[in-house]
Enquirer: 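Please see the structure below; I have some questions.
Atoms within each ligand, like the ligands themselves, are counted from 1 in listed order. Excluded from the calculations below are hydrogen atoms, water molecules and symmetry mates; all remaining heavy atoms, backbone and side chain alike, are included.
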Amino acid sequence: MIKKRADFLPMSRPSIGEEEIEAVSRCLRSGWITTGPLCAELERQFCALTKAPYAVSVSSATAGMHLVLSVLNIGLGDEVITPSLTFASTVNMIALRGARPVFCDCDYGTLNMKVRDVENLISPRTKAIIPVHFAGAPVDMEPLVEMARRYHLYLIEDAAHAVGTYYRGVHAGGFGQIAIFSFHPIKNVTTAEGGMITLFDPEWEKKLRRLRFHGLEREAWKRYGPGGNSVYDITEPGYKYNLTDMQAALGLAQLKRLDQLNERRAHLAHLYLKHLQGIDGLHCPEIPTYPHVHAWHLFVVKVTKMPREEFMRQLGEYNIGFGLHFPPCHLLSYVKARWGENRVGLPETELAGERIISLPLFPDMTDEDVLYVCAAIREILK
Ligand SMILES: *Cc1c(COP(=O)(O)O)cnc(C)c1O
């Protein structure tokens, strides 16, 4: 028996250093704390990272999805193809727009969307495909980009897990379409709450900026700045989904450390793979075979030997935190009540959905923490 640790090891914890604290303090002392020059700088840096010509910061990835679906006019009577094994926020936004989600199965090994199944799901009502780069492993984008072009569909990458994810040398968001990143504290780069839309169309960018802030043409930074003009008109009502400079200050400090943070995540993930491989009753995450850089946002294993609830209970006894990413969306009560059965069966999603559990993974974790989790799992599954 291994000695159980006295302190709790969380599943995730943001890596906040003195540089982050200093950066936020500087913003607080500057006299301008809401949307302004720091948000603009964070947007520029996302253009540089993704090679997309436009970036629009938002209050969350969920808000970003709501804005994007609004700007693309996706609504009543439309269908959107997305994996079921994703966070419910995407499906909620599709539902709130009055559109219908059509779910695609995932690959049991990588948990990424089964791209070869997508074409079967396209109907005359389909408007968009929303792939998710699950846990930071890129979706197979090449066939999706081709399919979207051939069927005239919007391709919106849910890149919430994908700051630092590359597919065949291209960063998430760099495929000529739209991507949405999340800066929630669990994600690879955080602003506490926040998100970023990257895109290639200048008209959509203008519209996103307007709808992000009440429908106003000019933002407060410009209206209140030197030579500003406080008169405004609104041609279409908008939302209140802007990011603040206080948050952007945190994000800029985090982004400076992106390589270091993600290298640490990758190191810990490979340590898990090395020490968990071959344990009877556990399936490790599989890695895509095409060239890519994995952002290792999550480390999701599947428990096959005992009910997951029992496995979770025992992890708790070892003082180890865990997560569930994600309960399949097609099984959510309102989804079933509103749309009934999905158009096709989702056998791999349902199998994975019963077995998945996310182990602790965050940059400030030590190698010893990983070895402790591996040793505990060996004991639990013995
Ligand atoms: C976190 C997450 C979101 C939502 O991000 P927020 O910034 O919290 O709104 C969307 N999709 C996926 C796959 C996520 O993991």
Enquirer: Would Ser59 and Arg212 count as a side-chain hydrogen bond (donor to acceptor under 3.5 Å, both in side chains) if you check the C-alpha gap in whole Å, the side-chain angles of each, and the deciding distance to 0.1 Å?
Expert: CA-CA 9 Å; Ser59 54; Arg212 173 179 77 167; over 6 Å; no
Enquirer: Taking salt bridge (charged side-chain N to carboxylate O under 4.0 Å, His left out) as the cut-off, I'd like each qualifying pair that reaches into residues 368-382, sequence neighbours left out, listed once.
Expert: Arg5-Asp369
Enquirer: Would you kindly confirm whether Leu271 and Leu361 end up in one hydrophobic cluster when ILVMFWY residues are joined by side chain heavy atoms under 4.5 Å apart?
Expert: yes
Enquirer: Relative to the ring of Phe103, is the ring of His330 parallel (under 30°), tilted (30 to 60°) or perpendicular (over 60°)?
Expert: tilted
Enquirer: Students should find this: residues with any non-hydrogen atom under 4.0 Å from ligand 1. What is the answer?
Expert: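 Lining ligand 1: Ser60, Ala61, Thr62, Thr86, Phe87, Ser89, Val132, Asp158, Ala160, His161, Ser182, His184, Lys187, Gly194, Phe326.
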Enquirer: Can you check whether Trp204 and Tyr154 have ring centres sitting under 6.0 Å from each other?
Expert: yes
Enquirer: Evaluate side-chain hydrogen bond (donor to acceptor under 3.5 Å, both in side chains) for Ser358 paired with His325, printing each intermediate quantity in order.
Expert: CA-CA 7 Å; Ser358 306; His325 304 95; 2.7 Å; yes
